[in-house]
**Q** 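Before we start, here is the structure in question, set down as structure tokens.
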Amino acid sequence: MSRDITEERIGKLARDHGFELCRITKPAIEPRYLECYETWLAAGMQGEMGYMAESTRVERRRRPSTMLDGVRSVICVAMRYSPPPYTLDNANARRRNGVIAAYAHGHDYHDVMKKRLKALARDLDALLGAHDQRVYVDTAPVLEHALAESSGLGWQGKHSLTIHRDFGSWFLLGELFTTADLAADAPASQHCGSCTACLDLCPTRAIVAPYLVDARLCISYLTIEYRGHIPHRLRPMFGNRVYGCDDCQLVCPWNGKAKAPDDDILSPRGENILPDLASLLQLDDTAFRKRFSKSPVKRTGRVAFVRNVCIAAGNSGYADLIPVLESLSDDESPLVRAHAFWALARLAGDDADMRMHLTAIRAGERDHEAREDMSITMEQTRINHE
Ligand code: SF4
Ligand code: SF4
């Protein structure tokens, strides 16, 4: 296969389908990525994402050649999305509003990318002739950032995401595994240098070492994937982030230079940019599904999402959110009740009547875990106020 076909025709087809970046590599993971992955797993940094430690999936990540019989090449593609239309300081200052990660301001990228990758695969069938292929977006056991760096698409930053010189890290990755023997591109070189901005700024210190993000501390994982009670000590660090976290990207100097794409395929919606916390707290299940229709936020579900919004409300400092939080005290979800309680305790301050009211709520709580959560809240706020 000549490089003309691999670089130009495949690249052009990828661009036609909305993938501005496209590079080719071989189905193998460089030892240094594997070492990092092993360290991450051994330390249990995958948190409750049990599937990450499941042996078959671990083996697939280690050896991408097991993803498809006879696979000989991996086409790595990236779909760009608009950076957030605010700075980190602006977002932090808008405490009455929640921050949703930029990639989730519009349509669900899983749906959009999968559809486009499949369309690209159909065109590749015509171009490459007899070959077998499979497409992957995010959820498959693929070390996508390692493959992206090997393909030259970009380098893996110390925050673990892939960075491109011109586009920063505001893009999503997809892979197309094929049995066609394509010419590989040269790997990317590292350009983080001595910078440690993302490690220094991360609100929860989740980037425990370069390239090593402890999911158990990462706001992105905790607000999107994790369905349980958020550890009390981390809640104040969440600030007003209600779905994901872009902080390590916003502080990255390579993103300071990145331009927004001319055409954002994910179509960001204005209503998802710094939405009002009070209105989010009032979403019941039907309203939540409607509000986040076709959005990746919908996949997290109303309960975990409102849990996150309660934390943001508790961190807001706005006591006028108390009535709407009180209305969640008898929410059908114990998780929501416990986090609304935490927010109320934060906003109540030294108000003696409010503290008595909270004591009564806790006494009446019927769910064991929620009650435990409330007890910790009472204990911690009591300590804070003494
Ligand atoms: S997403 Fe947020 S919490 Fe996670 S590593 Fe980046 S800055 Fe830290
Ligand atoms: S902030 Fe600095 S260290 Fe972190 S990914 Fe960007 S360039 Fe690399």
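When a ligand or atom number is given, it counts from 1 through the structure's own listing order. Because the structure is a prediction, the values reported are computed rather than measured.
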**Q** Within ligand 2, which atoms have a heavy atom of Lys158 less than 4.0 Å away?
**A**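 Those qualifying, in numeric order: 3 (S), 5 (S), 8 (Fe).
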**Q** With atoms numbered from 1 as shown, which atoms in ligand 2 lie under 4.0 angstrom from a non-hydrogen atom of Cys198?
**A** 1 (S), 3 (S), 4 (Fe), 5 (S)
**Q** Under 4.0 Å from a heavy atom of Cys195: give me the atoms of ligand 2 that qualify, with their elements.
**A**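 Ligand 2 atoms under the 4.0 Å threshold to Cys195: 1 (S), 2 (Fe), 3 (S), 7 (S).
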**Q** Could Glu48 and Arg227 be called an ion pair, given the rule that one side-chain N must be under 4.0 Å from one carboxylate O?
**A**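 Salt bridge: no.
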**Q** Give me the protein N, O or S atoms that fall under 2.8 Å of atom 4 (Fe) of ligand 1, sorted by chain and residue number.
**A**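 Correct list: Cys218 SG.
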**Q** In terms of side-chain geometry, is the basic nitrogen of Asp108 or Arg299 positioned less than 4.0 Å from the acidic oxygen of its partner?
**A**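 Judged by the 4.0 Å cut-off on N to carboxylate O distance, Asp108 and Arg299 do form a salt bridge.
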**Q** Would Ile163 count as a contact of ligand 2 if the rule is a heavy atom under 4.0 Å away?
**A** yes
**Q** Would you say Cys252 has an N, O or S atom lying under 2.8 Å from atom 4 (Fe) of ligand 2?
**A**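 Coordinating: no.
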**Q** Give the residue, atom name and distance (to 0.1 Å) of the protein heavy atom nearest atom 7 (S) of ligand 2.
**A** Trp254 CD1, 3.6 Å
**Q** Within a 6.0 Å radius of atom CZ on Arg289, are there more than 12 heavy atoms belonging to other residues, nucleotides or ligands?
**A** no
**Q** In terms of residue, atom name and distance, what is the protein heavy atom nearest to atom 8 (Fe) of ligand 2?
**A**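 Looking only at protein heavy atoms, the one closest to atom 8 (Fe) of ligand 2 is Cys192 SG, 2.3 Å.
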**Q** Salt bridge check, Asp181 against Lys26: does any charged N sit closer than 4.0 Å to a carboxylate O?
**A** yes
**Q** Are Arg63 and Glu59 close enough for a salt bridge, meaning some N to O gap below 4.0 Å?
**A** yes
**Q** Suppose the criterion is salt bridge (charged side-chain N to carboxylate O under 4.0 Å, His left out): which pairs have a residue in residues 76-98, not counting sequence neighbours?
**A** Glu20-Arg80, Arg96-Asp320
**Q** Can you find a heavy atom in the side chain of Pro27 that is under 4.5 Å from one in the side chain of Leu68?
**A** no
**Q** Taking the six-membered ring for Trp, are Tyr221 and Tyr226 parallel (under 30°), tilted (30 to 60°) or perpendicular (over 60°)?
**A** tilted
**Q** Could you tell me whether Arg302 and Asp285 make a salt bridge, using a distance below 4.0 angstrom between a side-chain N and a carboxylate O?
**A** no
